[in-house]
Amino acid sequence: MEFIQSIDWLQLLRCFIIGGVICIIGQILLDKTKLTPARILVIFVTTGAILGGLGIYQYLIDFAGAGATVPLTGFGANLAKGAIESVKEIGLLGAFIGGVKASSGGIAAAIFFGYIASLIAKPKIKKQ
Amino acid sequence: MEQINTQKQYDKLVKEKSPNSPILKDCFNAFWVGGLICTIGQIILDFCLFNGMEQSLASTVVSISLIAISAFLTSINVFNRIGKFAGAGSLVPITGFANSIVSPAIEYKSEGYVMGVGGKMFTVAGPVLVFGISTSIIVGIIASIF
Amino acid sequence: MQKIGKQTICFDNPPSILEAASIVGPKEADGPMASYFDKCLEDEFWGEKSWEKAESKIIKETVNLVVSKSNLSTNDIDYVFAGDLLNQCISSDFGLRDSNIPYFGVFGACSTFTESMCLGSVFVEANAAKNVICATSSHFCSAEKQFRFPLELGTQRPPTAQWTVTGSGAVILSSKGNGPYITNITPGKIVDMGIKDANNMGAAMAPAALDTLITHFQDTGRKPSYYDAIITGDLGHVGKEILSEMAQSKGYNINSNYNDCGVLMFDKEKQDTHAGGSGCACIATVFSGYFFKQLKDKKIKRILLIATGALMNSTSMQQGESIPGIAHAVSIEM
């Protein structure tokens, strides 16, 4: 109950709108260009890493929270942010350690759940 | 009607005859589904922070939770229906990344666990890691110079 | 048998199509052609462990079915010409490995059905065989897996994308029989108009169909009105429109008697198949199920069957190659 009272509804709205708008950009790329989903994901993660490296993406995260971190651009920004922070701590070697370290949870989880899913699930046809 | 002799003329005819994607409808669906996924992430984030979790740890919890949900929906054959409806709305959030790892894992199970599941798991998501990680390393190297 | 014109072969003792059989998957069984097929499957696996094994079983059972329907035994079959879409034609290879019939693996992408009929009819006409089987298969799931994405990936299909038909069709060509007869064949050239969009196969293949169609008319001196039906394999809604418009611009009006098996196979609105059906099995099942019976019942007398194929694979697509098309025409008369 206390948690529900603490929710910042305006923050949620900003998150919804920014997250949605980032997805619209992806949808326009899907419909208007002949890019495959894999290429679109690559464009998003790379753009995110560059914007994150330039420090621009942080403004979006401050404004929209999960609306900016959940899309794949946020994944890219997180990689870049981790690399930069690690460089500040331990120097050049940090460039190779920090990025993956910062996103290790997500990557490991995706691999693990993928493996588990392959154990239990059977391929099925799309109904449509 | 004009004769079609060159590839350029043919390309024009093909464009004329090929229906376009319903972009407004697609964008609207992508917007609200993508926004909703992010909002679910925000609620998980707020909940973790509310319980005194540190910011970066809370972000990781958000990623893992959404990935778990996406993996579950993929394995019960629901995610592809959401994806068909929402397009980029479910592709661009981290759920799409998870789906792109889980779906080949299920599909290539018939080729065995090592080269099928293990080998094909990154057919779609591999490039994301290659370009994402490489870019972050370049960013890190540049940062170490300045 | 003699060659007439540029690339048409005219038969002196036209081989007869003795019998035809078709098996389709559940989605095809929901479509408008459902009642014509010999057997409709309830699920895409058909009790097998993989899509590929299921497809092999489908072509195997279709070949068995056409033999039993014809009252022949497999010993009476001299050769089988078969093909499919999977790498190295594994569906046909594995499906027919226990059949004990001399086997030619044929690849012409989705044009394989009429390609097999061309080859088979020449064998029969030349007295090299008394009875031959021509069969093809395709499977939506195995084709998606090989050419596109895993089925569980949440992607949208563009409106020009086509739906690979799950199923198999087979015919027996014979030196004896009461028709319908294959009177002449026009094997096609490879035609490439530079289309690179793998989600618009109809557009990639339509120029090849046009080339074969016009060459057939020029070689035989026939007009479009000679045929009760001109049927292409899997151009779908987009390719069909392109073909009829381009044929008209070249002076051949086919609007009244032309249709496409990809268009006939599914209900576009209800089944959400976008631009229509495709795959080796598309024309094979629609011909074996529907048009063969129409010919037998003399509801139509002359049909020009043109199967169309897109000669590409995922490597050529990734290397940025365009999609060459091919089309082979078979003229069948009762």
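Residue numbers start from 1 in every chain, and the chains themselves are labelled A, B, ... in the order their sequence lines are given, proteins ahead of strands. These numbers come from a predicted model, not from an experiment.
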Is the number of heavy atoms from other residues, nucleotides or ligands under 6.0 Å of A/I120 CD1 greater than 12? yes

Surrounding CZ of B/F85 (heavy atoms of other residues, nucleotides or ligands, distance under 6.0 Å), is the total greater than 12? yes

Nearest atoms (heavy-atom pairs only) where [X] meets [Y]:
X: B/S144; Y: A/L92; answer: OG-CD1, 3.4 Å
X: B/I64; Y: A/G105; answer: CG1-O, 3.8 Å
X: B/A105; Y: A/G114; answer: CB-O, 3.5 Å
X: B/I67; Y: A/G106; answer: CD1-O, 3.3 Å
X: B/L91; Y: A/L41; answer: O-CD2, 3.4 Å
X: A/C23; Y: B/A88; answer: O-CB, 3.3 Å

Walk me through it: do B/F131 and A/F44 pass the test side-chain contact (heavy atoms from CB on, under 4.5 Å)? CA-CA 10 Å; B/F131 288 95; A/F44 269 79; over 6 Å; no

Can you tell me which of [options] forms the most heavy-atom pairs within a distance under 4.5 Å of chain A?
options: B/G87, B/S136, B/G34; answer: B/S136
options: B/I145, B/V61, B/N99, B/I94; answer: B/I94
options: B/I141, B/L129, B/V102, B/V128; answer: B/V128
options: B/A71, B/P127, B/P22, B/A30; answer: B/A30

Between [X] and chain B, which part of the residue has a heavy atom less than 4.5 Å away: side chain, backbone, both or neither?
X: A/L119; result: both
X: A/K88; result: neither
X: A/V87; result: side chain
X: A/V21; result: both
X: A/L30; result: side chain
X: A/T46; result: both
X: A/Y115; result: both
X: A/A64; result: backbone

Under 4.5 Å from any heavy atom of chain A, what part of [X] do you find: side chain, backbone, both or neither?
X: B/S59; value: neither
X: B/F50; value: side chain
X: B/V117; value: side chain
X: B/Y113; value: side chain
X: B/F72; value: neither
X: B/V124; value: both
X: B/I133; value: both
X: B/A86; value: backbone
X: B/I43; value: both

With rounding to the nearest 0.5 Å, note down the distance linking [atom1] in [X] to [atom2] in [Y].
X: A/I17; Y: B/T39; atom1: CD1; atom2: OG1; value: 9.5 Å
X: A/I28; Y: B/S21; atom1: CD1; atom2: OG; value: 12.0 Å
X: B/D46; Y: A/Q11; atom1: CG; atom2: CD; value: 6.5 Å
X: A/S118; Y: B/I101; atom1: OG; atom2: CD1; value: 12.5 Å
X: A/I7; Y: B/F47; atom1: CD1; atom2: CZ; value: 10.0 Å
X: A/I24; Y: B/D26; atom1: CD1; atom2: CG; value: 11.0 Å

Between B/V62 and A/V70, is the side-chain contact (heavy atoms from CB on, under 4.5 Å) condition met? List the steps. CA-CA 8 Å; B/V62 172; A/V70 168; 4.0 Å; yes

Is the side chain of B/Q42 donor-acceptor paired with the backbone N or O of A/A66 at a distance under 3.5 Å, no angle test? yes

I'd like to know if the side chain of B/K109 and the backbone of A/P123 have a donor-acceptor N/O pair within less than 3.5 Å. no

What residue among B/T135, B/V139, B/I138 forms side chain to side chain contact (heavy atoms under 4.5 Å, CB included) with A/I50? B/T135

Which of the residues A/A108, A/G19, A/A121 is involved in the greatest number of heavy-atom pairs with chain B at under 4.5 angstrom? A/A121

Find the one option among A/A95, A/A83, A/G94 whose heavy-atom pairs under 4.5 Å with chain B are most numerous. A/A95

With a 4.5 Å limit on heavy-atom distance, are the side chains of B/M121 and A/I111 in contact? yes

Is any side-chain heavy atom of A/P71 less than 4.5 Å from a side-chain heavy atom of B/C38? yes

Please verify the inter-ring angle class for B/F97 with A/F75; under 30° counts as parallel, over 60° as perpendicular, anything in between as tilted. tilted

Going through the checks in order, is the side-chain contact (heavy atoms from CB on, under 4.5 Å) test met by B/I106 and A/K122? CA-CA 6 Å; B/I106 297 171; A/K122 202 180 170 191; 5.9 Å; no

